[in-house]
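See structure below.
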Amino acid sequence: EAQVTFYDAVGGERTFTRLVRRFYEGVADDPVLRPLYPEEDLGPAEERLRLFLMQYWGGPRTYSEHRGHPRLRMRHAPFRVGTRERDHWLSHMRAALDELALPEQYDRQLWQYLVYAAHSMVNTAEET
Ligand code: HEM
């Protein structure tokens, strides 16, 4: 019985590569988000997010082979993620998703997840 994953249905690796590349182009020029990233080169961060999302949606397990269990809230603990950072993060994701122009059903499914995940990553109650 063939199982078509969400990963396959939206176009596989190419789609996630485009999504995350466009997202990080936004981060690179964002005065709120850019200072959070410890490395000057955003390439490695781009690759980690790309591999994570591919794995999450049913693609190759490369992320966990390299990084182990995602534990994303813990991994974000060193960074100040307030509502302002979350909203900037989501605005770049929304722009990236718009450029993919996925069929509406897939767009909605991916967006719902990203909104939920971004809300759950907020680690400071302080309004920014
Ligand atoms: C890593 C910021 C939300 C997935 C990071 C890093 C920063 C950051 C500064 C470290 C960069 C690096 O990898 O070296 C933020 C901010 C968010 C946010 C400001 C706003 C809400 C999310 C969400 C997801 C996510 C919603 C998943 C859907 C990841 C992953 C890594 C990462 C997979 C790499 C973890 C690792 O293996 O070390 N993020 N993030 N982030 N973020 Fe986020």
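Quick note: residue numbers are just sequence positions, from 1. In listed order, ligands and their atoms are each counted from 1.
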Heavy-atom closest contact (T5 atom, G58 atom, distance)
CG2-O, 3.8 Å

Using ring pair (Phe, Tyr, Trp, His ring centres under 6.0 Å), reason through Y7 and F16 one step at a time and then give a plain yes or no.
CA-CA 8 Å; Y7 172 81; F16 289 91; 5.7 Å; yes

Per-atom contacts of ligand 1 with A117, taking only distances under 4.0 Å to non-hydrogen atoms:
26 (C), 28 (C)

Taking all atoms of both residues into account, what is the closest heavy-atom pair of H88 and V32, and its distance?
CE1-CG2, 3.5 Å

Quick one: look up the protein heavy atom nearest atom 38 (O) of ligand 1 and list residue, atom name and how far away it is.
R67 NH2, 2.6 Å

Check ligand 1 against F52 and write out every atom of the ligand that is under 4.0 Å from a heavy-atom position of the residue.
27 (C), 33 (C)

Can you say whether the rings of W57 and Y113 are parallel (under 30°), tilted (30 to 60°) or perpendicular (over 60°)?
perpendicular

Any chance CZ of R21 has more than 12 other-residue heavy atoms, nucleotides or ligands included, within less than 6.0 Å?
no

N/O to N/O below 3.5 Å, does that happen between Y113 and ligand 1?
no

Counting only heavy atoms not in E39, do more than 12 fall under 6.0 Å of its CD?
yes

Ring-plane angle category for F79 and H76, please: parallel below 30°, perpendicular beyond 60°, tilted otherwise.
perpendicular

I want to check something: taking the side chain as every heavy atom from C-beta on, are F23 and E46 in contact at a cut-off of under 4.5 Å?
no

Nearest heavy-atom pair of G82 and E85: which atoms, and what distance?
N-OE1, 2.8 Å

Of all the heavy atoms in Y63, does at least one lie under 4.0 Å from an atom in ligand 1?
yes

Looking only at protein heavy atoms, identify the closest one to atom 19 (C) of ligand 1 and say how far it is in Å.
L36 CD1, 3.6 Å

Considering only protein heavy atoms, which is closest to atom 7 (C) of ligand 1, and at what distance to one decimal place?
Y37 CE2, 3.6 Å

Heteroatom count (protein N, O or S) under 2.8 Å of atom 43 (Fe) of ligand 1:
1

Please state which option from E39, R48, R34, H92 has its nearest heavy atom closest to atom 14 (O) of ligand 1.
R48

Residue pairs passing the salt bridge (Lys or Arg N to Asp or Glu O under 4.0 Å) test with at least one member in residues 49-63, sequence neighbours excluded, are E13-R50, E47-R50

